[in-house]
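Every chain is numbered from 1, with letters handed out A, B, ... down the list of sequences.
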Amino acid sequence: MRWAPAFVLGQGAVSPFGIGVDALLAGIFGGQTGIAARRRTAAFEAPTAVAAELPAATLATLGGDDDLAFRGAMAAAGQALAATAIPRQRIGLVLASTKGDLGGVLLDDPGDGLGLPGRLAGRLRRELGLGIALGAISCACASGLVAVAHAARHLQAGTCDHALVVGVDVHHPFVMAGFGSLHALDPTACRPFDVARRGVVLGEAAAALLLGRSPMGPSAPRLLGHGGANDACHITGPDRQGAGLALASQRAIATAGLTPQDIDVIHLHGTGTLANDATEAIGLANLFSGRTPPAFGTKGQTGHTLGASGVLELLVSIAALQRALAPSNVGLEQPDVTAGLDLVRSPRPLPRARHALKVASGFGGAQAATVVAP
Amino acid sequence: MSAPAVVLAWGRVDADGIVGSGRPQVRWADLGVAAPGDGRTFRRVFGERDETFRRLDRMSRVLVLAGAAAGIDQVLTPALAAGAAIVFETTVGSLDADLRFADSMAAGLCDGPVFAYTLPSSSLGELALRHGLRGPTVCMSTVEAQPGVALREAGLMLAAGEVEVAVVGRIDVLVGSRPTVTPICRAVVAVLVRASLGLRGVAAWPDAASDPWRDWPSIQGTSSDNRSGRIE
């Protein structure tokens with residue numbers, strides 16, 4: 001089976017670097033980090049001093065931190081839709097989120113989002129005036145790439161000609177306490193693949209991709225292949241050989257009509273946990289016969305934006321190809337994973353920039369991968 | 001949609017009990033427990049040990065029961081299971097575990113093992129690891145979308161040749177500890193294979209009048225409160 005290309009017609013982002021894709025890319029390729037001492041979330045009970053929060057100016061532009069998942073998603077979606085004149089009634093919406101709007105889950109919280117992404121998806125679709133409900137994906141931290149594959153599946157089947165994929169997750173006391181209770185938070189920094197790494201630093205973001213069956217112009221970035229897999233070994237821990245991630249990647253590459261030799265750069269999941277980084281490196285090194293193409297991750301800059309991460313990081317993957325430049329792994333000083341993973345230590349020009357592989361993993365063993373062309 | 005698939009097996013758990021293709025219904029009343037059962041239910045119904053069933057959250061327990069009632073291991077070879085997609089829809093998601101974790105936060109405990117189940121994909125993972133299902137995993141939150149989105153998704157995967165097998169279903173389990181919650185217990189698991197494989201099925205591709213599809217329509221809560229899991 002080979003996927004029909006899905007063309008990227010619009011992009012949007014709200015991230016710890018501010019509003020807009022340009023702000024995101026300036027931060028990423030400038031080697032900056034959005035991770036800092038907790039301010040807005042300082043009162044959340046969690047064993048960490050840091051987080052990647054949306055800047056105060058961004059919150060002010062969005063209208064405050066109340067109802068932030070909705071406001072952020074609307075802003076990112078609006079950017080992605082702004083560049084097109086496609087009638088909104090003909091656009092399908094897919095939402096990717098781990099928990100959507102968590103209002104109403106905590107005692108004494110009057111909200112009604114209830115951590116159900118489908119509720120947020122319905123609200124977004126109505127507010128944006130989009131005519132087709134394609135669904136809401138909640139596949140933990142693989143949600144973004146699973147949602148992109150879901151949209152591509154519907155484009156290929158002809159359910160719709162255009163699909164807007166929005167990924168969003170924002171800070172909430174529930175999530176921060178939860179990761180803390182699993183001892184999964186790094187207390188001071190995010191250091192994916194580094195010997196000193198101690199866990200995740202949470203981030204918050206919204207990102208959007210408008211996809212279409214045709215480029216609507218001379219050229220457009222393309223999503224060429226999608227693969228999924230389940231580790232089928234543990235609900236919160238990865239397969240020790242990274243087999244599921246490698247299998248998802250293998251499926252994505254094959255369904256793009258490519259071989260591993262055609263991949264020029266990898267955008268890693270790279271959460272900063274001991275097990276995830278080590279097994280991701282093993283799985284990818286095995287897939288690429290012992291030595292991967294240049295590989296970078298961006299959670300040392302954006303934090304782990306959970307259900308938004310797949311969509312947000314695809315924006316960076318596309319930009320890396322378009323600039324023929326792999327950004328550095330911020331936070332990495334002394335690698336502590338197999339040397340078969342070619343970790344980028346400083347911004348590295350790509351001699352070939354034809355295809356990027358983006359990967360993601362989530363609780364429940366969900367693994368996902370997407371192949372992108374500029 | 002034309003019939004791209006054959007239903008190899010199905011299982012269902014609901015307020016009455018547990019039933020699957022080729023096995024008689026076991027009623028909760030006969031087990032002496034209310035839906036969705038307790039940590040001993042798996043062994044009492046299936047006569048086998050499941051080492052970790054007792055520690056699972058309710059959503060996972062019900063999904064594991066429905067999968068066992070379908071007899072997934074009996075109808076899928078390991079090779080077929082290794083390529084099987086897992087495609088589910090849920091309306092109330094992991095709200096049951098969410099409320100439990102929120103209660104633990106309020107008590108100052110922050111129960112980590114419960115937090116691990118505050119994502120609906122965790123329950124799918126429990127099903128995957130028991131049956132060696134290593135295909136694409138898709139969990140859909142369906143408050144707005146029409147019931148049956150998982151079936152349509154699986155149908156697209158099978159029709160396009162993306163997978164040969166899909167374990168598809170819906171799962172909604174909510175007991176909750178708060179007075180505003182309306183209990184729900186309903187899960188359907190169906191094993192679908194591409195029609196082109198020529199395998200013989202036990203049920204028709206979506207036929208609203210027969211099992212396993214008859215209970216697929218929308219959940220109807222009885223409370224107007226948002227916590228009931230009602231569809232908007």
Problem - Greatest number of heavy atom pairs closer than 4.5 Å to chain A - which of B/Ile86, B/Val163, B/Thr118 - result: B/Thr118
Handout entry: Region of A/Thr236 in contact with chain B, defined by heavy-atom distances below 4.5 Å
Key = side chain
Handout entry: Residue among B/Ser122, B/Gly112, B/Cys139 with most heavy-atom pairs under 4.5 Å to chain A
Key = B/Cys139
Completion exercise
Of all heavy-atom pairs linking A/Asp231 and B/Arg134, the shortest is O-NH1, 2.7 Å
Practice task
Heavy atoms only: give me the nearest A/Leu107-B/Ala106 pair and the separation to one decimal.
Solution key: CD1-CB, 3.5 Å
Problem - Under 4.5 Å from a heavy atom of chain A, the part of B/Ala82 involved - result: backbone
Problem - Ion pair B/Glu162/A/Arg251, N-O distance below 4.0 Å - result: no
Problem - A/Asn230 side chain reached by B/Leu133 side chain, heavy atoms, under 4.5 Å - result: no
Handout entry: A/Arg153 side chain vs B/Glu153 backbone, donor-acceptor pair below 3.5 Å
Key = no
Exercise for the section: Please examine the side chains of A/His234 and B/Leu129, heavy atoms only from C-beta on, and report whether any two atoms are closer than 4.5 Å. Expected result: no
Handout entry: Under 4.5 Å from any heavy atom of chain B - which part of A/Gln367
Key = neither
Problem - Nearest non-hydrogen partners of B/Ser121 and A/Ser138, listed with the distance - result: CB-O, 4.0 Å
Handout entry: Gap separating the SG atom of A/Cys141 from the CG atom of B/Leu119, nearest 0.5 angstrom
Key = 7.0 Å
Handout entry: Heavy-atom neighbours of A/Arg198 CZ exceed 12 at 6.0 Å
Key = no
Handout entry: Within-4.5 Å side-chain heavy-atom neighbours: A/Ile137 and B/Val138
Key = yes
Practice task
Counting only heavy atoms closer than 4.5 Å, note whether A/Ala248 contacts chain B via side chain, backbone, both or neither.
Solution key: neither
Handout entry: Which of B/Ser60, B/Ala84, B/Ala160, B/Gly135 touches chain A most, by non-hydrogen pairs under 4.5 Å
Key = B/Gly135
Handout entry: Where A/Pro173 and B/Met105 come nearest, the two heavy atoms and their spacing
Key = O-CE, 3.7 Å
Exercise for the section: Specify whether A/Phe174 and B/Phe101 have parallel, tilted or perpendicular ring planes, treating 30° as the upper limit for parallel and 60° as the lower limit for perpendicular. Expected result: perpendicular
Exercise for the section: Show the numbers, then the answer: is there a ring-ring contact (aromatic ring centres under 6.0 Å, His included) between A/Phe363 and B/Tyr117? Expected result: CA-CA 9 Å; A/Phe363 278 12; B/Tyr117 290 101; 9.5 Å; no
Exercise for the section: Heavy atoms only, distances under 4.5 angstrom: which of A/Ala147, A/Ala157, A/Ala177 has the most pairs with chain B? Name it, please. Expected result: A/Ala177
Exercise for the section: Below 4.5 Å from any heavy atom of chain B, which atoms of A/Cys139 appear? Answer side chain, backbone, both or neither. Expected result: both
Completion exercise
A/Met1 and B/Gly161 have their tightest heavy-atom pair at CB-O, 3.6 Å
Problem - Electrostatic pair A/Lys99:B/Asp98 at N-O distance under 4.0 angstrom - result: yes
Practice task
Mind checking the OG-CG spacing from B/Ser94 to A/Leu116? Nearest 0.5 Å is all I need.
Solution key: 7.5 Å
Practice task
Kindly compute the distance separating CG (B/Leu56) from CD1 (A/Ile235), expressed to the nearest 0.5 Å.
Solution key: 8.0 Å
Exercise for the section: Considering non-hydrogen atoms only, spot the tightest contact between B/Asp111 and A/Ser181 and give its length. Expected result: C-OG, 4.3 Å
Problem - CZ/B/Arg40: more than 12 non-hydrogen atoms of other groups inside 6.0 Å - result: no
